[in-house]
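Values in this document were obtained by computation on a predicted structure and should not be read as measured data. Here, residue 1 is the first one in the sequence, and each next residue gets the next number.
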Amino acid sequence: MPKKEKKAKTPLSDEEQLLLFQQKLLAEEEMAKKKERLLSQFLKDKLAKEEHSSALNLNKINTQWRTVLREVKTRELHKDIEILSQTFERVVDCKDNVIKSLAKDLSEAEEQYARALRSHLHNVDQLLALQRHRLSLLEESYNMELEALTKEFETERKTIIDQHEKEIHYLQDIFMAMEQNYIDSEYESKLEFQSMWNDLKNMNLEEKHFLRLHLENIVEDLWRKFQDVLKNYTDATEDRKAAFETLQVKDEKSSKEIEVHMKKIQKLQDAITISKGKIMIHSRESEDENRYIRNDKELVLVQLRNLKAQRTQARAASQKNLVKLTLESNATLKALRKIVDKGEKILKLAEICRKFETEEEKVLPFYSSVLTPKEQEGIEENNLEELTEELAKVMVDYTGMENFWKRYNKVKLEQLSLQHRRAQLLDINGKLREMLKQYLDGISVSDEVLSQLNPLFIVNYQSNLPQPLSIPTAHPGSTSPSAPWRDQRRSFFLGLG
C-alpha cells in the first residue's frame with residue numbers, strides 16, 4: 001500500500017477515502033477476531049497442559065505415598081518375621097527335646113511289644129494246635145460214621161436185590177406153569193375137535209353116497225323118459241337140436257358147479273356152527289381161567305409195585321441222607337476256612353495297627369472304663385433286665401471280645417476328636433487366608449481391587465472408603481493397623497507349638 005501511494009501521488013477523492021477507511025476497519029476487525037481465536041486456543045492448550053501436569057503430579061504423589069506406606073509395612077513385617085523366627089526356634093527346640101524323649105520311650109515300647117508279640121504268637125500256636133487236634137477228631141468221627149452208613153447201605157441193597165431176584169424167579173415159575181396148562185388144554189380141545197370133525201365127515205359121506213345112488217336111479221329113469229321124449233322131439237324138432245345140445249351141455253356144467261358149490265357151502269356152514277359151539281364152550285372155560293390168572297397177575301403186580309416203591313423210597317432216603325451229609329461237611333469246611341481267613345486277616349490288621357499305636361497304647365492297651373461305679377452298676381442292671389436266655393448264652397460266648405471292643409471304641413473316639421480338630425484347623429486356615437487376601441489386595445493394584453473398597457487408593461486427595469466423622473489422632477502407644485492380624489498369627493503359631 002505505501003509503495004503504491006509513493007508511485008501514485010495523485011490526490012484521492014472523498015469516496016475513495018471513505019472506501020479506504022472502511023477497508024481499514026474491516027481489516028482491524030479481522031485482526032481482532034484472529035487475536036481472540038489465538039488467545040482462546042492458547043488458553044485452552046495451557047489449561048490442558050495444566051490438567052495433564054496436575055494429573056501427572058498427582059500420580060507421582062500417589063506412587064511416592066504408596067512407596068512410603070510399603071516401606072512402613074515392610075518394616076513392620078520384618079519385625080513380625082523376626083519375632084516369629086524366634087518363637088519358631090524355641091518351638092523347634094522344644095520339639096527336639098520331645099522327640100528325644102519319645103525316641104527313648106519308643107525303644108522301651110518296642111522291647112515291650114516284642115515280648116508281648118512273642119507271648120501272643122506262643123498263645124496263637126497253642127490255639128492252632130488245639131484247633132488242628134479238634135479238626136482231626138471231627139474228621140475221624142466223620143469217617144467212622146460214613147463207613148457205618150456205607151456198610152448199612154450195602155447190606156440193605158444186597159437184601160433188597162436178593163428178595164427182588166427171588167420174587168422174579170417165583171413169578172417166572174408161575175408164568176411157565178400157567179403157560180403149560182394152557183398148552184395142554186389147547187391140545188386136548190384140538191383132539192376133541194378133530195375127532196368130532198372126522199365123525200361128521202364120515203356121516204356126511206355116507207348120506208351123500210346114499211343120496212347119490214337114489215338120485216342116479218331117478219336120473220336114469222328120467223333119462224330114459226327124456227331120451228324117448230327127445231327122440232320124439234328130435235324127430236319133431238331137428239332144427240333146434242343142435243342149439244338144445246349146446247344149451248344142455250352148458251346146463252349140465254352149471255348144475256354140477258352149483259351142486260358142488262352148494263355142497264361146499266353146506267359143509268362150511270355145518271363146520272362153522274360146530275366150531276362156533278366148541279369155541280363158545282372153550283371161550284367160557286378159558287375166560288374163567290383167564291379171569292383167575294388175571295386176578296393173580298394183578299395181585300403179583302401190586303406186590304411188585306409196592307416193593308419197587310419201597311426200594312425207590314429207600315434209595316431216595318439214603319441218597320438224600322448222603323447228599324445232606326456231604327453238603328453239611330462242605331459247609332462246615334467252608335465255614336472253618338472262612339474263620340481261619342478271618343483270623344489271619346485280623347492278625348495282619350493287628351500287625352499293621354501296631355505300627356500306628358502310641359506309647360501309651362503299647363504300655364496300656366486296654367484302658368479302664370470312664371464311667372463311675374454307680375453308672376456302671378446302673379448299666380449292668382438295665383442290661384440284665386433286657387437280656388434273654390439266648391442272648392445271655394451268645395454274650396457268654398463273646399466275653400473274650402470285651403478288650404477288643406474297648407480298643408475299637410477308643411480308636412473311634414480318637415478318630416472323631418481328630419476330625420473335630422481338623423475342622424477347627426480348617427476354619428482357622430480359612431480365616432488366615434481371608435486376612436492374607438485382604439492384605440495382598442491392600443498392597444496390589446488390579447481391576448478387582450479397584451472395584452472394591454481400598455484404603456490405599458487415593459484420587460484428588462480422596463479415598464473410595466466412606467470418610468468417618470472424626471479422625472482420631474495417633475498416639476505413641478497406639479498399635480498399627482496390622483497389629484490384630486499379627487497378634488492372631490502369633491497366637492496361632494504359639495498354639496501349634
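- Rounding to the nearest 0.5 Å gives a distance of 10.5 Å between CD1 of I258 and CD1 of I265.
- The shortest side-chain heavy-atom distance between L425 and N429 does not fall under the 4.5 Å cut-off.
- Using a 4.5 Å heavy-atom cutoff, the side chains of L247 and D251 are not in contact.
- In this structure, CZ on F153 lies 11.0 Å from CG on L149, to the nearest 0.5 angstrom.
- H78 pairs by the side chain to side chain donor-acceptor pair (under 3.5 Å) definition with nothing, not counting sequence neighbours.
- Residues passing the salt bridge (Lys or Arg N to Asp or Glu O under 4.0 Å) test with E188: none are found, sequence neighbours excluded.
- For the atom pair CG of D228 and CH2 of W223, the computed distance is 11.5 Å after rounding to the nearest 0.5 Å.
- The residues K190 and E186 are annotated as salt-bridged, a charged nitrogen and a carboxylate oxygen being separated by less than 4.0 angstrom.
- In this structure, Q163 and L307 have side chains that are in contact, with non-hydrogen atoms separated by less than 4.5 Å.
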Which atom pairs, donor and acceptor, lie under 3.5 Å between side-chain atoms of residues 165-179 and protein residues at least two apart or in another chain?
none

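- Expressed to the nearest 0.5 Å, how far NZ of K104 lies from CG of L102 amounts to 11.5 Å.
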- [ ] List the steps and the verdict of side-chain contact (heavy atoms from CB on, under 4.5 Å) for L137 and E140.
- [x] CA-CA 5 Å; L137 292 174; E140 289 177 358; 4.2 Å; yes
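- Using a 4.5 Å heavy-atom cutoff, the side chains of Y142 and L138 are not in contact.
- For the side-chain hydrogen bond (donor to acceptor under 3.5 Å, both in side chains) condition, the pairs that include at least one residue of residues 119-134, sequence neighbours left out, are H122-Q126.
- Between the CE atom of M196 and the OG atom of S275 there is a distance of 10.5 Å, given to the nearest 0.5 Å.
- Residues satisfying the side-chain contact (heavy atoms from CB on, under 4.5 Å) test with Q415, not counting sequence neighbours, are K412, Q419.
- In this structure, the separation between NZ on K100 and NZ on K95 is 15.0 Å, given to the nearest 0.5 Å.
- You'll find the side chain of R115 reaches within 4.5 Å of the side chain of Q112, heavy atoms only.
- Listed by first then second residue, pairs satisfying salt bridge (Lys or Arg N to Asp or Glu O under 4.0 Å) with a partner in residues 256-272 read E259-K263, not counting sequence neighbours.
- Residues meeting the ring pair (Phe, Tyr, Trp, His ring centres under 6.0 Å) test with W197, sequence neighbours left out: none.
- Pairs passing the side-chain hydrogen bond (donor to acceptor under 3.5 Å, both in side chains) check and including a residue from residues 203-222, sequence neighbours excluded, read H209-R212, D221-R224.
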Tell me which donor-acceptor pairs under 3.5 Å the side chains of residues 324-332 have, and how far apart each pair is, sequence neighbours excluded?
unit_1	atom_1	unit_2	atom_2	d
T326	OG1	L322	O	3.1
T326	OG1	V323	O	2.6
S329	OG	L325	O	3.2
S329	OG	T326	O	2.5
N330	ND2	T326	O	3.1
T332	OG1	E328	O	3.0
T332	OG1	S329	O	2.5

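- Pairs engaging residues 277-298 under the salt bridge (Lys or Arg N to Asp or Glu O under 4.0 Å) rule: D288-R291 [sequence neighbours left out].
- Applying the salt bridge (Lys or Arg N to Asp or Glu O under 4.0 Å) definition to pairs two or more places apart or across chains, none involves residues 301-320.
- Residue pairs meeting the salt bridge (Lys or Arg N to Asp or Glu O under 4.0 Å) criterion with at least one partner in residues 143-155, sequence neighbours excluded, do not occur; the list is empty.
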